[in-house]
Amino acid sequence: MTSLDKIVSLAKRRGFIYPGSEIYGGLSGTWDYGPLGVELKNNIKREFWKSMVYSREDVVGLDAAILMNPKVWEASGHVAAFADPLVECKFCHSRLRADQNEEIKAHEESHKGKKVEWTDPKQFNLLVEAKLGVVEEAKQKVYLRGEITQGVHVNFKNVLDSSRMQIPFGIAQIGKAFRNEITPGNFTFRSREFEQMELQYYVNPKDASRWYEYWKEERMKWYLALGMTKTKMRFRQHEENERAHYARDAWDIEYDSPFGWKEFEGIHNRGDWDLSQHQKESGQDMAYFDQQKQEKFLPYIIETSGGVDRAVLFFLANAYHEEKDRLILKLHPKLAPHKVAVFPLLANKPELVKKAEEIYSQLSTFNPQLNPAWDDRGNIGKRYYSQDEIGTPSCITVDFQTLDENTVTIRDRDTAKQERVKVDDLTKAVDIK
Ligand code: GAP
């Protein structure tokens, strides 16, 4: 089994990620998050929001509609230029991305010795179309957003007029995006429906380079602070011919994944592309007036654009550890679906169960985000291993000594060491802000 297969298998078995619409044979490029997956995903999004919005005075949040007037996508250049090069195998008519060398090579090898011929590359637009309206013949064509970004830029003036933000400032957003990917694959890595977490930071063009460097470093620090291994993370600058149509400069944060170094997050200098395009096509003035400097200009946009699903996948891959007799998911405690588990040593001793229930309810009242797990099945060793596999940092066991001394054992996931702690000190011992 490759390490990606192991992650896919764990994700399904323990309820992190399932194939979308599985009972009907699935739908390529779609995934459903199970009881643990939704917690991990929400924890990632919460940490993003905490670092971007709650801890900064220069960033506010926004939640724009997925469906937008199609003129937005014409203005943003996505109708004309949001495309990947598609080639078709002349033997079996499989369609692949011409710029994905590894996939092309694997396909050629699958034809065992035959010389594969490809059609010339054609630009294939990635926008997903939908139809809106109640009269069949008069339905309006709309696009499911191909990036969450445009919902922010069309609201640039609304945010300025309804808040006290002054440049430099940013707008953060998290939400779904859709792309008609030619070859979805590598589990959730390339999906057709996925979530993005973005910051659009508006700056004076003169300061764009400085802010670009600043945000590159901030984003790398964020991933490292949440436990990503430093040696498995790097920056890579896009070649000029690789850059998206809106980008003056583009760097990826890449991760050394089970299928090679891959894009984790894109950081772009979008220049004034978006605001000038929307100004031109909507006829609305998108310029910013700096009162202090008495200067009017179209701000440049520095964008940080991460994939939430890629973060789930890469945090899982990075946390996956096999030891001789156990599998441990060494997730950062802030990301772990359950921060703590509570066990009565024996399920058939009502006094132990009652005390464990009290502790469970105390912890979840104290901080609902601890999301305690409960387990009273089988032997205690198996319960520990079961929590190790899903990344629970601490397991609390209520035993007979608890009843005498009001103490419990806390077992640490990574070291498997146990210590005895007073019940009164428990909240301090397991608290994770
Ligand atoms: N607003 C800029 C933008 O969308 P991008 O580089 O196309 O830039 C940003 O996408 C991030 O979104 C990527 O770094 C990746 O994490 C995520 N992403 C893009 N396409 C994806 C897909 N098909 N499946 C999962 N995540 C994807």
Side-chain angles (χ1 to χ4, degrees), residues 17 20 27-31 33 41 44-45 48 62 64 66 68 72-73 76-78 81-84 97 99-100 103 124-128 143-154 170-201 212 215-216 219-220 222-223 228 233-239 242-255 257 259 261-271 273-274 277 301-317:
I17 305 172
L27 177 69
S28 177
T30 65
W31 299 94
Y33 288 79
K41 204 177 191 200
I44 291 170
K45 292 193 276 185
F48 175 83
L62 186 105
I66 288 178
M68 304 179 81
V72 169
W73 299 105
S76 70
H78 283 76
F82 191 50
D84 281 335
R97 263 175 69 170
D99 58 351
Q100 297 293 312
E103 290 165 28
F124 176 80
N125 193 284
L126 301 182
L127 286 176
V128 177
Y143 300 103
L144 302 187
R145 60 186 179 191
E147 58 169 3
I148 62 171
T149 324
Q150 297 307 321
V152 171
H153 297 318
V154 298
I171 303 178
Q173 185 177 216
I174 302 176
K176 291 268 188 177
F178 304 83
R179 293 183 189 175
N180 199 1
E181 294 286 358
I182 297 168
T183 48
N186 282 328
F187 198 21
T188 57
F189 175 78
R190 202 184 301 134
S191 305
R192 288 184 167 143
E193 172 180 338
F194 55 95
E195 237 173 320
Q196 293 183 309
M197 43 187 178
E198 287 192 346
L199 172 74
Q200 306 298 324
Y201 201 75
Y212 193 54
W215 280 112
K216 272 169 62 191
R219 292 305 296 148
M220 181 63 96
W222 186 78
Y223 286 111
M228 293 305 293
M233 300 284 283
R234 71 178 186 194
F235 284 112
R236 185 182 73 83
Q237 188 175 24
H238 281 210
E239 303 290 334
E242 199 191 344
R243 272 186 229 145
H245 61 277
Y246 50 73
R248 289 174 165 248
D249 195 3
W251 288 71
D252 287 341
I253 293 180
E254 291 191 333
Y255 177 65
S257 80
F259 39 94
W261 283 98
K262 294 287 167 191
E263 176 184 344
F264 202 159
E265 166 156 340
I267 298 149
H268 309 127
N269 177 349
R270 298 180 74 114
W273 167 262
D274 303 273
Q277 283 297 110
I301 294 153
I302 306 301
E303 165 186 71
T304 72
S305 178
V308 181
D309 309 76
R310 275 192 200 174
V312 170
L313 176 59
F314 290 163
F315 276 117
L316 279 177

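Just so it is clear, the model here is predicted, and its values are computed rather than measured. Read the numbers this way: they start at 1 and go in the same order the structure lists the ligands and their atoms.
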Query raised in the report: Applying a strict 4.0 Å limit to heavy atoms, is Gln150 in contact with ligand 1?
Result: no

Query - Close approach, His268 and ligand 1, non-hydrogen under 4.0 angstrom - result: yes

**Report entry** Ligand-side contact atoms (ligand 1) for residue partner Glu147, heavy atom cut-off under 4.0 Å
**Finding:** 1 (N), 2 (C), 3 (C), 4 (O)

**Report entry** Geometric N/O contact Arg190 with ligand 1, under 3.5 angstrom
**Finding:** no

Query raised in the report: Using 4.0 Å as the upper bound for N to carboxylate O, is an ion pair formed by Glu198 and Arg145?
Result: no

Report task. Measure up the Phe187 and Trp31 rings against each other and bin them: parallel (under 30°), tilted (30 to 60°), perpendicular (over 60°). Result -> perpendicular

Requested in this report: Could you check which of Ser76, Gly146, Ser191 puts a non-hydrogen atom nearest to atom 23 (N) of ligand 1?
Outcome: Ser191

Query raised in the report: Has ligand 1 got any nitrogen or oxygen that is less than 3.5 angstrom from a nitrogen or oxygen of Phe194?
Result: no

Query raised in the report: If only atom types and distance count, is the side chain of Arg190 paired as donor or acceptor with the main-chain N or O of Thr183 below 3.5 Å?
Result: yes

Report summary line: So the atoms of ligand 1 within less than 4.0 Å of a heavy atom of Glu265 turn out to be 14 (O)

Requested in this report: Give the single entry among Arg192, Glu263, Glu181, Met197 that approaches atom 14 (O) of ligand 1 most closely by any heavy atom.
Outcome: Glu263

Requested in this report: Specify whether Tyr223 and Phe264 have parallel, tilted or perpendicular ring planes, treating 30° as the upper limit for parallel and 60° as the lower limit for perpendicular.
Outcome: tilted

Query raised in the report: Where does the angle between the aromatic ring planes of Trp73 and His78 fall among parallel (under 30°), tilted (30 to 60°) and perpendicular (over 60°)?
Result: perpendicular

Query - Heavy-atom nearest option to atom 2 (C) of ligand 1, drawn from Arg145, Glu303, Arg310 - result: Glu303

Query raised in the report: Can Gln277 and Tyr246 be counted as having a side-chain donor-acceptor contact under 3.5 angstrom?
Result: no

Query raised in the report: Can you check whether Gln200 has an N/O within less than 3.5 Å of an N/O in ligand 1?
Result: no

Query raised in the report: Short list, please: which atoms of ligand 1 are under 4.0 Å from a heavy atom of Tyr246?
Result: 2 (C), 3 (C), 8 (O)

Query raised in the report: Of the protein's non-hydrogen atoms, which lies at the shortest distance from atom 19 (C) of ligand 1, and what is that distance?
Result: Arg179 NH1, 3.5 Å

Query - Atoms of ligand 1, numbered as shown, that sit under 4.0 Å from any heavy atom of Phe264 - result: 14 (O), 15 (C), 16 (O)

Requested in this report: Would you mind listing which atoms of ligand 1 come within a distance below 4.0 Å of any non-hydrogen atom of Gly266?
Outcome: 14 (O)

Query raised in the report: With a 4.5 Å heavy-atom cut-off, do Thr304 and Tyr201 have their side chains touching?
Result: no

Report task. Name the orientation class of the two ring planes belonging to Phe189 and Phe314 (parallel below 30°, tilted from 30 to 60°, perpendicular beyond 60°). Result -> tilted

Query raised in the report: Any N/O of Gly307 closer than 3.5 Å to an N/O of ligand 1?
Result: yes

Query raised in the report: For Gln173 and Phe48, which heavy atoms make the closest approach, and how far apart are they?
Result: O-CE2, 4.3 Å

Requested in this report: Just need the protein heavy atom nearest to atom 10 (O) of ligand 1, so name the residue and atom and give the distance.
Outcome: Gln196 NE2, 3.4 Å

Query raised in the report: Which atoms of ligand 1 sit under 4.0 Å from any heavy atom of Glu198?
Result: 1 (N), 2 (C), 3 (C), 4 (O)

Query raised in the report: Which of the atoms of ligand 1 are close to Arg270, meaning less than 4.0 Å from one of its heavy atoms?
Result: 1 (N), 2 (C)

Report summary line: re atom 9 (C) of ligand 1, the protein heavy-atom contact at minimum distance is Ser305 OG, 3.0 Å

Requested in this report: Indicate yes or no: at least one non-hydrogen side-chain atom of Val72 is less than 4.5 angstrom from one of Tyr143.
Outcome: no

Query raised in the report: Nearest protein heavy-atom contact for atom 25 (C) of ligand 1: which residue, which atom, what distance?
Result: Phe189 O, 3.1 Å

Report task. Write down the atom of Ser191, the atom of Gly29, and the distance for their closest heavy-atom approach. Result -> CB-O, 3.4 Å

Query raised in the report: Which one holds for Glu195 and ligand 1: side chain close, backbone close, both close, or neither close, with close meaning a heavy atom under 4.0 Å?
Result: neither

Report summary line: On a heavy-atom basis, the closest approach of Ser76 and Gln150 is CB-CD, 3.5 Å

Report summary line: side-chain hydrogen bond (donor to acceptor under 3.5 Å, both in side chains) test vs Glu195 passes for just one of Lys41, Lys176, Arg310, namely Lys41

